[in-house]
A.B. asks: 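Below is one structure. I have some questions about it.
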Amino acid sequence: MAKILVIDDNADLLQMLRLILQERGKHEVILSGDGADGLSRALASPPDLAIVDVMMPGITGYDVVRRMREMPQTSSVPILVLTARGQTIDQQTALQAGANAFMAKPVTPQTLLEQVENLSLIHI
């Protein structure tokens, strides 16, 4: 079981991801509705994995990823960028910012859980 921080400004999606990760995946899930709050939560109590949306008001997901990589307490946390922006340039930007993986929405619960399991192995 991993402690997973999910940062997304879509409240419905946050709840759906919580259900998938917590109920089906048996993970501990921390939800955050914006980049600044998510970054604060990550720094205060580093998760085992972070799932970050790109398009959020204020601090974008790319900025969250960059800042997490700069901070010693979160520099090694695996990060999955999960976004509606599915172009090649979006994937390249996410990976250049420091994300370990990229997935375009929508995703199936099974695909998401498989990716989470793969990324969780990085942090062990």
Side-chain angles (χ1 to χ4, degrees):
M1 180 176 90
K3 178 170 72 169
I4 301 173
L5 172 63
V6 182
I7 308 170
D8 197 303
D9 62 332
N10 181 320
D12 292 334
L13 184 65
L14 281 176
Q15 292 307 317
M16 184 190 75
L17 291 174
R18 183 188 61 76
L19 283 172
I20 293 168
L21 296 168
Q22 191 170 298
E23 302 301 320
R24 290 188 58 187
K26 306 299 182 201
H27 298 289
E28 176 185 350
V29 180
I30 298 130
L31 302 177
S32 178
D34 68 71
D37 176 69
L39 190 57
S40 294
R41 290 174 185 262
L43 295 174
S45 179
D48 298 314
L49 172 70
I51 299 175
V52 182
D53 183 27
V54 170
M55 298 179 296
M56 296 183 286
I59 300 175
T60 70
Y62 298 136
D63 291 331
V64 169
V65 172
R66 285 185 197 100
R67 292 180 187 182
M68 285 181 68
R69 289 295 174 240
E70 292 170 357
M71 305 304 272
Q73 60 268 52
T74 56
S75 63
S76 65
V77 171
I79 301 171
L80 167 62
V81 168
L82 179 63
T83 179
R85 299 180 58 106
Q87 302 297 316
T88 302
I89 188 69
D90 301 307
Q91 181 176 8
Q92 291 171 342
T93 303
L95 297 175
Q96 288 171 350
N100 298 87
F102 176 92
M103 294 180 82
K105 297 173 188 173
V107 296
T108 66
Q110 186 61 37
T111 302
L112 177 65
L113 288 171
E114 287 171 4
Q115 184 66 271
V116 164
E117 293 305 316
N118 289 338
L119 289 171
S120 293
L121 296 174
I122 293 173
H123 202 26
I124 295 174

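Counting from 1, the numbers follow the sequence of the chain as shown.
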A.B. asks: First locate atom OG1 of Thr111, then atom CD1 of Ile20, and finally report the distance between them rounded to the nearest 0.5 Å.
C.D. replies: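 Between atom OG1 of Thr111 and atom CD1 of Ile20 there are 10.0 Å.
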A.B. asks: Of all heavy-atom pairs between Tyr62 and Ala97, which one has the smallest distance, and what is that distance?
C.D. replies: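 Shortest heavy-atom separation between Tyr62 and Ala97 comes out as O-CB, 3.9 Å.
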A.B. asks: Using a 3.5 Å cut-off and no angle test, enumerate the donor-acceptor pairs between side-chain atoms of residues 80-89 and protein atoms at least two apart in sequence or in another chain.
C.D. replies:
residue, atom, partner, partner atom, Å
Thr83, OG1, Arg85, N, 3.1
Arg85, NE, Asp90, OD1, 3.0
Arg85, NH2, Asp90, OD1, 3.2

A.B. asks: Is Ile79 reachable from Leu95 through a run of I, L, V, M, F, W or Y residues, each pair having side-chain heavy atoms under 4.5 Å apart?
C.D. replies: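 Hydrophobic grouping puts Leu95 apart from Ile79.
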A.B. asks: So Arg67 and Leu43, side-chain contact (heavy atoms from CB on, under 4.5 Å) or not? Walk me through it.
C.D. replies: CA-CA 10 Å; Arg67 292 180 187 182; Leu43 295 174; over 6 Å; no
A.B. asks: Kindly state each residue pair satisfying side chain to side chain donor-acceptor pair (under 3.5 Å) with at least one member in residues 27-46, sequence neighbours excluded.
C.D. replies: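 Checked against side chain to side chain donor-acceptor pair (under 3.5 Å) - neighbours excluded - the pairs reaching residues 27-46 are Lys3-Ser45, His27-Glu117, Ser32-Asp37, Asp37-Arg41.
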A.B. asks: Are side-chain heavy atoms of Thr93 and Val54 found at a separation under 4.5 Å?
C.D. replies: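 Answer no - side chains too far apart.
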A.B. asks: Just how far is it from atom CG of Leu119 to atom CD of Glu114, taken to the nearest 0.5 Å?
C.D. replies: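 Atom-to-atom, Leu119:CG and Glu114:CD are 12.0 Å apart.
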A.B. asks: How far apart are the closest heavy atoms of Thr74 and Ala42, and which atoms are they?
C.D. replies: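 For Thr74 and Ala42, the tightest heavy-atom pair comes out as CG2-O, 3.4 Å.
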A.B. asks: If every non-hydrogen atom of Pro78 is compared with every non-hydrogen atom of Leu49, which pair is closest and at what distance?
C.D. replies: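 So the minimum-distance heavy-atom pair works out to O-CD1, 3.3 Å.
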A.B. asks: As an exercise, state the distance from CD of Gln91 to CE of Met103, rounded to the nearest 0.5 Å.
C.D. replies: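 Rounded to the nearest 0.5 Å, the CD-CE separation comes to 11.0 Å.
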A.B. asks: Can you list everything that forms a side-chain contact (heavy atoms from CB on, under 4.5 Å) with Pro106? Sequence neighbours excluded, please.
C.D. replies: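 By the side-chain contact (heavy atoms from CB on, under 4.5 Å) rule, Pro106 matches no residue at all.
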A.B. asks: Following the transitive rule for hydrophobic clusters with a side-chain heavy-atom cut-off under 4.5 Å over Ile, Leu, Val, Met, Phe, Trp and Tyr, establish whether Met55 and Val65 coincide in one cluster.
C.D. replies: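 In one cluster: yes.
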A.B. asks: Quick check on the hydrophobic clustering: are Leu19 and Ile4 connected, directly or via other members, by side-chain heavy-atom contacts under 4.5 Å?
C.D. replies: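 No: no chain of side-chain contacts under 4.5 Å links Leu19 to Ile4.
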A.B. asks: How long is the gap from CG on Asn118 to CG on Asn100, to the nearest 0.5 Å?
C.D. replies: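 Going from the CG atom of Asn118 to the CG atom of Asn100 covers 11.5 Å.
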A.B. asks: Would you say Arg69's side chain and Val77's backbone share a donor-acceptor pair under 3.5 angstrom?
C.D. replies: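 Yes; at least one donor-acceptor contact below 3.5 Å.
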A.B. asks: Indicate yes or no: at least one non-hydrogen side-chain atom of Met68 is less than 4.5 angstrom from one of Leu39.
C.D. replies: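 Yes, at least one pair of side-chain atoms sits under 4.5 Å.
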A.B. asks: I need the single residue from Val29, Leu31, Leu112, Asn10 that forms a side-chain contact (heavy atoms from CB on, under 4.5 Å) with Leu17. Which is it?
C.D. replies: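 Result: among Val29, Leu31, Leu112, Asn10, Leu112 is the only option passing the side-chain contact (heavy atoms from CB on, under 4.5 Å) with Leu17.
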A.B. asks: Met71, Ile59: one ILVMFWY side-chain cluster at the under-4.5 Å cut-off?
C.D. replies: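 Same hydrophobic cluster.
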A.B. asks: How close do Ile7 and Gly38 get, counting heavy atoms only, and between which atoms?
C.D. replies: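 It is CD1-CA, 3.6 Å.
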